[in-house]
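None of the values given here were measured: they were computed from a predicted structure.
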Amino acid sequence: MPETLLTRLLLAVGLLAGLMLGTGNVAAGIALTVLAGTATWLIRSQKLFRPHC
């Protein structure tokens, strides 16, 4: 199943946030989670992400 760019970016940021939380850096984990949510919302609301036909 092909993954979109948005899915790959969310997976990467999720892995980084999990790493930050796992190493005890809670503030960085929360910041990355908020960043990913905000970026996803902006991309979907502004329709900046257009899949190739």
Give the minimum heavy-atom separation between Val13 and Ala36, together with the two atoms involved. CG1-CB, 3.5 Å

With a 4.5 Å heavy-atom cut-off, do Leu35 and Leu32 have their side chains touching?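 The answer is yes; the side chains approach within 4.5 Å.
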
Look up atom OG1 in Thr33 and atom CG in Leu21, then write down how far apart they are to the nearest 0.5 Å.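 With rounding to 0.5 Å, OG1 (Thr33) is 6.0 Å from CG (Leu21).
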
Going from CG on Leu16 to CG on Leu11, what distance comes out if it is rounded to the nearest 0.5 angstrom?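 The CG atom of Leu16 sits 11.0 Å away from the CG atom of Leu11.
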
Would the distance check show the side chain of Thr23 and the main-chain N or O of Met20 forming a donor-acceptor pair, the cut-off being under 3.5 Å? yes

